[in-house]
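In what follows, a structure is listed as structure tokens, so that the remarks can point back to it.
Keep in mind the model is a prediction, meaning the values are calculated, not measured. Basis for what follows: all heavy atoms, side chains included, without hydrogens, waters or symmetry-related copies.
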Protein chains: 2
Amino acid sequence: MVLPKSKVTISDVAHEAGVSNSAVSYALNGKPGVSSKTRRKVLDVAEHLGWRPNSAAKALSDAKTHNVGLVLTYDTGILSVESYTMELIAGLTTELEKKGYSLLLRSSQSRQQEVAILKEWISAGAVDATLIMNLELGDPRMALFKRHPDMPVLALCDVSIADGLPSLSDDAQSAAHLIVDYLHEIGHRKIARIAGPETLEHTFIRDNAFVEEVAELGLQYSCFHTDYSPDEARASTKRFLQLPERPTAIVYDSDVMALSSLKTIADMGLRIPDDLSVISWNNSFMCEVGLPSITALDRDVVARGRKAAQMMLALIAGDTVRSQREDDSSLIFRQSSGPLRIH
Amino acid sequence: MVLPKSKVTISDVAHEAGVSNSAVSYALNGKPGVSSKTRRKVLDVAEHLGWRPNSAAKALSDAKTHNVGLVLTYDTGILSVESYTMELIAGLTTELEKKGYSLLLRSSQSRQQEVAILKEWISAGAVDATLIMNLELGDPRMALFKRHPDMPVLALCDVSIADGLPSLSDDAQSAAHLIVDYLHEIGHRKIARIAGPETLEHTFIRDNAFVEEVAELGLQYSCFHTDYSPDEARASTKRFLQLPERPTAIVYDSDVMALSSLKTIADMGLRIPDDLSVISWNNSFMCEVGLPSITALDRDVVARGRKAAQMMLALIAGDTVRSQREDDSSLIFRQSSGPLRIH
């Protein structure tokens with residue numbers, strides 16, 4: 001890693017990047033007039049050389065923007081069926097509004113593009129704080145913000161992997177405990193889980209929590225990872241149910257995956273919950289109106305968004321903010337789960 | 001209406017509002033330092049007197065912010081179950097990103113609060129364009145933007161009620177035609193509709209379109225208006241089904257209302273679709289996985305968001321933008337609708 005020297009100038013960056021001074025200025029200030037390729041190159045070089053705005057520019061950029069930034073990195077197809085992001089945004093904007101703050105949204109199609117946007121925000125001072133979510137193992141965003149302690153950031157991830165950044169998450173261990181304990185209680189001994197992508201940190205955290213709970217009770221357990229899509233959920237469901245010793249309960253990491261699989265289960269001639277119990281790791285209106293309705297872990301995502309906004313506002317105010325792991329999940333019992341019937 | 005005089009100064013506004021010049025300056029520039037009550041008062045007075053930024057400030061404010069603004073005015077409970085807003089945001093941010101634009105989100109709990117935010121944006125030049133949605137009859141936002149032709153705005157509403165502002169909407173008449181024609185074709189003669197709030201312009205547009213279509217075919221038709229909530233949807237469903245001459249098909253203005261009512265219908269001993277056909281005016285993942293799955297009118301909301309972004313970017317560029325009514329709906333046939341069975 002290059003040690004930042006105190007007096008890296010725009011000319012230094014221009015020289016190193018092989019572009020004009022004004023191109024560097026445009027790129028660093030997040031203004032149009034340079035191609036996105038040049039912009040990315042300039043930001044990378046500035047980052048590498050340890051460029052910092054000079055004091056006049058710094059004073060200007062110290063003026064509050066009253067914006068908090070969030071980059072939505074997504075596959076629009078999946079996003080639109082998940083209520084999580086909308087509920088989070090509802091909570092965030094409602095709480096930010098109390099202090100006259102806006103939520104600045106940008107979108108990206110890849111992690112790399114998201115990092116480029118974050119670098120632009122940092123160099124242009126376009127936001128007063130940033131929220132990052134869907135953290136991955138070895139996520140480049142963590143490293144970026146560690147190098148820029150001047151930009152307040154809140155990571156929506158478990159404190160154990162937040163690497164010192166302020167974080168906010170639910171308590172996966174207690175959630176896994178609720179689910180596994182309930183299934184054990186009503187007689188299930190072979191439990192399967194259809195999870196999200198293995199690369200996401202919250203999948204990893206859930207994986208570990210689940211394994212710990214089933215081990216404690218001596219249950220059989222296996223897990224398939226998916227990309228959260230209905231198709232992969234259905235395929236995984238089919239694979240589980242074709243096993244010679246099939247599970248008697250399946251826990252899905254999302255409501256979309258649980259609901260998508262109901263028809264697959266019915267098509268295989270299994271009745272819910274007599275032959276198979278189904279549980280969704282997150283609750284939604286869809287779980288409530290589903291036929292059968294789906295037993296689900298309930299978290300108040302709107303409240304989580306409010307809390308995240310409060311923590312970011314505190315960071316902006318210069319307060320010390322402690323990472324939080326909220327043990328606020330509860331299990332809502334519906335038609336899709338019940339005692340195992342012996343045939 | 002007061003005619004704007006050309007030289008209204010900040011002092012004039014301060015005098016009229018009974019506050020200091022600096023309070024006016026803070027309020028007009030959207031900066032903190034004044035209470036929200038004072039801010040609203042100043043904005044109202046400035047608006048009333050016809051205050052305009054002076055040329056120096058104007059030049060500054062002519063610098064592009066690269067933000068497009070959207071105020072989410074909502075009941076968070078309803079918002080979180082509707083996929084519409086999230087899909088719209090996905091389309092908007094994806095398209096805006098191509099030009100390096102951000103979506104600036106704020107939230108309000110009332111129409112009045114939304115208007116205050118819009119006034120703040122206009123006076124502070126905080127956004128380059130604004131999107132307004134869920135237009136109501138006699139909506140104060142229309143009047144506001146008519147008085148500020150310098151602020152590009154796109155109204156997500158039918159051109160017939162856009163009052164000269166550029167607008168984007170679907171074609172309610174052709175949508176109503178698709179639904180009514182299909183139901184008539186498969187034998188239904190008594191059709192009911194459970195609609196959104198009567199005050200929303202798009203409910204009004206749909207009401208008229210529906211009445212026209214059923215009149216043309218000589219069908220019996222009646223309609224209840226609701227606040228879109230599951231509770232009111234269920235209550236209206238019950239009222240319709242208890243009529244001596246009950247309808248044989250119900251069209252719901254939203255997927256949430258249709259899905260919420262399935263259990264009510266089953267509880268009243270009616271089978272879908274043998275005794276009653278159910279159609280949702282908008283499609284969603286929930287309609288697809290519902291048991292029964294729900295016949296629904298499909299619109300590509302993500303594409304609508306993209307289109308809206310393109311139109312706003314054109315407005316910002318100073319191009320002439322024509323209002324558009326997109327005839328892009330199609331009916332997706334699923335298990336919830338079918339020919340009337342005679343008992």
Around B:Gln335, counting heavy atoms of other residues, nucleotides and ligands shown, do more than 12 lie under 6.0 Å from its CD? yes

Taking side chain as everything from C-beta outward and backbone as N, CA, C, O, which of these in B:Leu88 sits under 4.5 Å from a heavy atom of chain A? Side chain, backbone, both or neither. neither

Show, in sequence, the C-alpha distance, side-chain angles and deciding distance for A:Leu103 and B:Arg106, and conclude whether the side-chain contact (heavy atoms from CB on, under 4.5 Å) test is met. CA-CA 6 Å; A:Leu103 183 67; B:Arg106 288 185 62 178; over 6 Å; no

Distance-only, no hydrogens or angles: does the A:Glu97 side chain make a donor-acceptor pair with backbone N or O of B:Ser107 under 3.5 Å? yes

Carefully, step by step, assess A:Gln109 and B:Thr94 under the rule side-chain contact (heavy atoms from CB on, under 4.5 Å). CA-CA 8 Å; A:Gln109 311 298 324; B:Thr94 306; 3.5 Å; yes

Under the salt bridge (charged side-chain N to carboxylate O under 4.0 Å, His left out) test, which residues partner A:Asp298, sequence neighbours left out? none

Quick one: of B:Ser260, B:Gly290, B:Ser293, who has the most non-hydrogen atom pairs under 4.5 Å with chain A? B:Ser260

Answer yes or no: is there a side-chain heavy-atom contact under 4.5 Å between A:Val289 and B:Lys263? no

So, the part of A:Leu96 with a heavy atom under 4.5 Å from chain B: the answer is neither

Sorted by first residue and then second, give each ring-ring contact (aromatic ring centres under 6.0 Å, His included) pair with at least one member in residues 109-132 of chain A; sequence neighbours left out. none

Can you tell me how far CD1 of A:Ile89 sits from CG of B:Leu72, rounded to the nearest 0.5 angstrom? 8.0 Å

Does atom NZ of A:Lys98 have more than 12 heavy-atom neighbours, drawn from other residues, nucleotides or ligands, at distances under 6.0 Å? yes

When rounded to the nearest 0.5 angstrom, what distance separates CG in A:Leu104 from OG1 in B:Thr65? 9.5 Å

Atom CG of A:Leu105 and atom CG of B:Leu105: how far apart are they, to the nearest 0.5 Å? 4.5 Å

